[in-house]
*Asks:* 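I'd like to ask you about the structure that follows.
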Amino acid sequence: MQDQTLPASPETRNRILSIDVDDLLIANADFFGEAVPPDYSSDIEREIRGALDLIDSCEAQATFFVNAQYCERHPAAIREIAARGHSLASHGFRHRNIAALSLDEFETDLCRSLEQLTRIGSPIVGYRPPAFSMPYDEEHLRILQRNGIRYVSSGVGVARSNAPRSNRPVELAEGILHVPISTLHLLGGRVKYPIGYGVTSRLMPEGLYMRSLREWLARRDYFHWYCHTFELSGLSSAFSIPYRGLSARVSTALYAWRCRNREGFMKAVLKSARFLSIEASLMRPAVSPDRLAGLEDSR
């Protein structure tokens with residue numbers, strides 16, 4: 001599937017913002033099998049409210065993919081997301097590597113997340129696998145479908161998933177919409193430029209990134225940008241990395257480095273377009289076949 005550039009019109013432009021609700025240390029402990037120190041006190045309530053304040057200041061609307069363990073630990077902060085008019089979606093109950101779970105374990109984690117989230121907001125129709133780690137195979141998609149999930153959102157800038165290599169929403173054979181995070185494919189797909197990834201946007205100078213973003217928005221009808229609450233709010237000055245494993249240490253350090261002094265850059269990105277949630281942009285009402293055909297990449 002090759003990337004295409006099509007002229008954008010106001011009627012077909014979709015500018016989507018999605019936010020992952022994770023505590024960085026807890027998420028990487030779950031994913032890499034590390035232990036969180038027993039005296040660790042999560043700063044996620046401050047991070048959520050800081051992210052909400054920044055998004056509101058930019059008059060944006062977002063889908064928040066919530067790791068639902070925080071519904072039990074910090075219910076007031078999760079309720080505030082819905083109260084401020086944003087959409088809730090599932091990011092699993094814990095930040096587990098889905099590819100390493102059995103199908104029963106995957107469904108148990110998904111159902112537990114949906115149970116927690118539906119107590120706070122309307123029925124949950126979206127899912128994002130932690131670290132984009134879910135295989136896009138018939139078995140996993142069938143589990144999503146029978147639990148009421150209507151779309152799944154992943155990125156293809158990493159090699160963990162076999163998600164469709166598309167820069168527009170595509171309907172999967174199982175009747176679930178794939179809502180991709182924007183990634184430019186170059187040199188026949190051998191090189192990926194994850195323009196929609198907040199965490200990788202700092203790999204280039206901010207001025208160059210913003211120029212490439214403005215060009216994308218001018219020429220393309222679909223753009224999906226995602227980041228984490230801790231990227232929008234910034235990490236606590238007391239943040240430290242307690243892990244022993246190299247993978248967990250490197251991943252956490254990389255995120256922490258890219259979360260420093262980001263408010264001005266984040267505001268510039270969020271003010272570059274009128275961002276909506278996935279639900280407001282694509283799911284309400286459900287995408288019509290004609291509109292979907294206009295958004296899909298040609299094969």
*Asks:* For residues Tyr193 and Ser212, is any side-chain donor paired with an opposing acceptor at under 3.5 Å?
*Replies:*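 Short answer, yes.
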*Asks:* Could you check whether any side-chain N or O of Asn67 sits under 3.5 Å from a backbone N or O of His91, counting only pairs where one atom can act as donor and the other as acceptor?
*Replies:* yes
*Asks:* Taking the six-membered ring for Trp, are His140 and Phe106 closer than 6.0 Å centroid to centroid?
*Replies:*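 Between His140 and Phe106, the centre distance is under 6.0 Å.
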*Asks:* If you compare all heavy atoms of Ala68 against all heavy atoms of Ser113, which two are closest, and at what distance to 0.1 Å?
*Replies:* CB-CA, 3.6 Å
*Asks:* What about Tyr136 and His178, are their ring centers closer than 6.0 Å?
*Replies:*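 For Tyr136 and His178, the ring centres are under 6.0 Å apart.
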*Asks:* Between the main-chain N or O of Val179 and the side-chain N or O of Ser153, is there a donor-acceptor pair closer than 3.5 Å?
*Replies:*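 Here the side-chain-to-backbone pair exists.
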*Asks:* Parallel, tilted or perpendicular: which describes the rings of His228 and Phe230, with under 30° parallel and over 60° perpendicular?
*Replies:*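 Aromatic pair His228/Phe230 classed parallel.
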*Asks:* Any side-chain heavy atom of Ile176 within less than 4.5 Å of one from Arg150?
*Replies:*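 No - every pair of side-chain heavy atoms lies 4.5 Å or more apart.
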*Asks:* I'd like to know if Leu208 and Met266 are part of one continuous hydrophobic network [Ile/Leu/Val/Met/Phe/Trp/Tyr, side-chain heavy atoms within less than 4.5 Å].
*Replies:*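 Yes, it is one cluster - the side chains of Met266 and Leu208 are joined through contacts under 4.5 Å.
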*Asks:* Is there a path from Leu24 to Leu254 through hydrophobic residues (I, L, V, M, F, W, Y) whose side chains come within less than 4.5 Å of each other?
*Replies:* no
*Asks:* Among side-chain atoms of Arg73 and Gln69, is any donor-acceptor pair under 3.5 angstrom?
*Replies:* yes
*Asks:* For the residue pair Tyr40 and Asp23, confirm or rule out a side-chain donor-acceptor distance under 3.5 Å.
*Replies:* yes
*Asks:* Would you sort out whether Leu270 and Leu17 count as a side chain to side chain contact (heavy atoms under 4.5 Å, CB included), showing the intermediate values?
*Replies:* CA-CA 8 Å; Leu270 295 184; Leu17 175 63; 3.8 Å; yes
*Asks:* For a quick test of reading the model, state the closest non-hydrogen atom pair linking Ser87 to Ser277 and the distance between them.
*Replies:*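 Smallest heavy-atom distance, with atoms named: OG-OG, 3.5 Å.
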*Asks:* Donor-acceptor check, side chain of Trp216 to backbone of Arg211, threshold 3.5 angstrom: yes or no?
*Replies:*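 Answer holds: no.
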*Asks:* What I'd like to find out is whether the side chain of Val269 reaches to under 4.5 Å of the side chain of Trp225, using heavy atoms alone.
*Replies:*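 Side chain of Val269 against side chain of Trp225, heavy atoms only: contact under 4.5 Å found.
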*Asks:* Answer yes or no: are there more than 12 heavy-atom neighbours, outside Arg244 itself, under 6.0 Å from its atom CZ?
*Replies:*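 Not more than 12 within 6.0 Å, no.
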*Asks:* Test side chain to side chain contact (heavy atoms under 4.5 Å, CB included) on Arg146 and Ile143; report intermediate values, then the result.
*Replies:* CA-CA 5 Å; Arg146 70 169 171 251; Ile143 288 171; 3.6 Å; yes
*Asks:* Following the transitive rule for hydrophobic clusters with a side-chain heavy-atom cut-off under 4.5 Å over Ile, Leu, Val, Met, Phe, Trp and Tyr, establish whether Phe93 and Ile26 coincide in one cluster.
*Replies:* no
*Asks:* So do Ile81 and Leu52 actually touch side chain to side chain, heavy atoms under 4.5 Å?
*Replies:*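 Contact flag for Leu52/Ile81 side chains = yes.
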*Asks:* Is Asp109 salt-bridged to Arg94, going by a charged N under 4.0 Å from an acidic O?
*Replies:*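 Salt bridge: no.
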*Asks:* In the structure I gave you, are the side-chain heavy atoms of Leu235 and Glu47 within less than 4.5 Å of one another anywhere?
*Replies:* yes
*Asks:* Ile55 versus Leu232: any side-chain heavy-atom pair under 4.5 Å?
*Replies:* yes
*Asks:* For Ala89 and Glu279, which heavy atoms make the closest approach, and how far apart are they?
*Replies:* CB-OE2, 4.4 Å
*Asks:* For the pair Thr252 (side chain) and Arg249 (backbone), establish whether a donor and an acceptor sit closer than 3.5 Å, ignoring hydrogens and angles.
*Replies:*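 Not a single qualifying donor-acceptor pair exists.
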*Asks:* How far does CZ of Arg15 sit from CG of Leu276, to the nearest 0.5 angstrom?
*Replies:*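 The distance works out to 10.5 Å.
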*Asks:* With salt bridge (charged side-chain N to carboxylate O under 4.0 Å, His left out) as the test, would you mind laying out the steps for Glu59 and Lys271 before giving the verdict?
*Replies:* CA-CA 8 Å; Glu59 300 182 343; Lys271 289 184 175 182; over 6 Å; no
*Asks:* Do Arg46 and Asp43 meet the salt-bridge criterion of a basic N to acidic O distance under 4.0 Å?
*Replies:*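 Result for this pair is yes, salt bridge flagged.
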*Asks:* Got a second to check how far Arg220's CZ is from Asn14's CG, nearest 0.5 Å?
*Replies:* 14.5 Å
*Asks:* Hey, does Ile120 have a side-chain heavy atom less than 4.5 Å from the side chain of Leu88?
*Replies:*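 In contact.
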*Asks:* Is the shortest side-chain heavy-atom distance between Thr183 and Arg165 below 4.5 Å?
*Replies:* no
*Asks:* For Thr118 and Glu115, indicate whether the former's side chain and the latter's backbone hold a donor-acceptor pair under 3.5 Å.
*Replies:* yes
*Asks:* Examine distances only and state if a side-chain atom of Thr108 and a backbone atom of Asp104 form a donor-acceptor pair shorter than 3.5 Å.
*Replies:* yes
*Asks:* Do the side chains of Asn28 and Glu34 get nearer than 4.5 Å, heavy atoms only?
*Replies:*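 No, every pair of side-chain atoms sits at 4.5 Å or beyond.
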*Asks:* With Tyr151, which of Leu172, Leu282, Leu144, Thr63 fulfils side-chain contact (heavy atoms from CB on, under 4.5 Å)?
*Replies:* Thr63
*Asks:* Taking the six-membered ring for Trp and the single ring otherwise, decide whether the centroids of Tyr226 and Phe132 are under 6.0 Å apart.
*Replies:*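 For Tyr226 and Phe132, the ring centres are under 6.0 Å apart.
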*Asks:* What is the ring orientation for Phe223 with Phe275, classed by angle as parallel under 30°, tilted 30 to 60°, or perpendicular over 60°?
*Replies:*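 Tilted, since the angle between the ring planes falls between 30° and 60°.
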*Asks:* Indicate yes or no for a side-chain donor-acceptor contact from Ser133 to the backbone of Ile98 under 3.5 Å, with no hydrogens or angles considered.
*Replies:*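 Flag set: sc Ser133 to bb Ile98 pair under 3.5 Å.
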*Asks:* Is a donor on one side and an acceptor on the other found under 3.5 Å between the side chain of Glu231 and the backbone of Val199?
*Replies:*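 It does hold such a pair.
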*Asks:* Which atom pair, heavy atoms only, marks the closest approach of Ile48 to Val21?
*Replies:*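 Nearest heavy atoms, Ile48 then Val21: CD1-CG1, 3.8 Å.
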*Asks:* Is it true that Lys267 and Glu263 make a salt bridge, defined as a side-chain N closer than 4.0 Å to a carboxylate O?
*Replies:* yes
*Asks:* Output yes when a side-chain donor or acceptor of Gln61 lies under 3.5 Å from a complementary backbone atom of Gly85, and no otherwise.
*Replies:*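 Looks like yes, one N/O pair under 3.5 Å.
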*Asks:* Is the terminal nitrogen or CZ of Arg128 (NZ for Lys, CZ for Arg) located under 6.0 angstrom from the six-membered ring centre of Phe65 and within 45° of that ring's axis?
*Replies:*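 Judged by the rule (NZ or CZ under 6.0 Å from the ring centre, within 45° of its axis), Arg128 counts as positioned above Phe65.
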*Asks:* Minimum heavy-atom separation for Ser90 to Ile124, with atom names?
*Replies:* N-CG2, 3.7 Å
*Asks:* Examine distances only and state if a side-chain atom of Asp20 and a backbone atom of Asp22 form a donor-acceptor pair shorter than 3.5 Å.
*Replies:* no
*Asks:* Quick one, Glu107 with Asn147, criterion side-chain hydrogen bond (donor to acceptor under 3.5 Å, both in side chains). Give me CA distance, side-chain angles, the key distance, then yes/no.
*Replies:* CA-CA 9 Å; Glu107 187 160 19; Asn147 285 284; 3.0 Å; yes
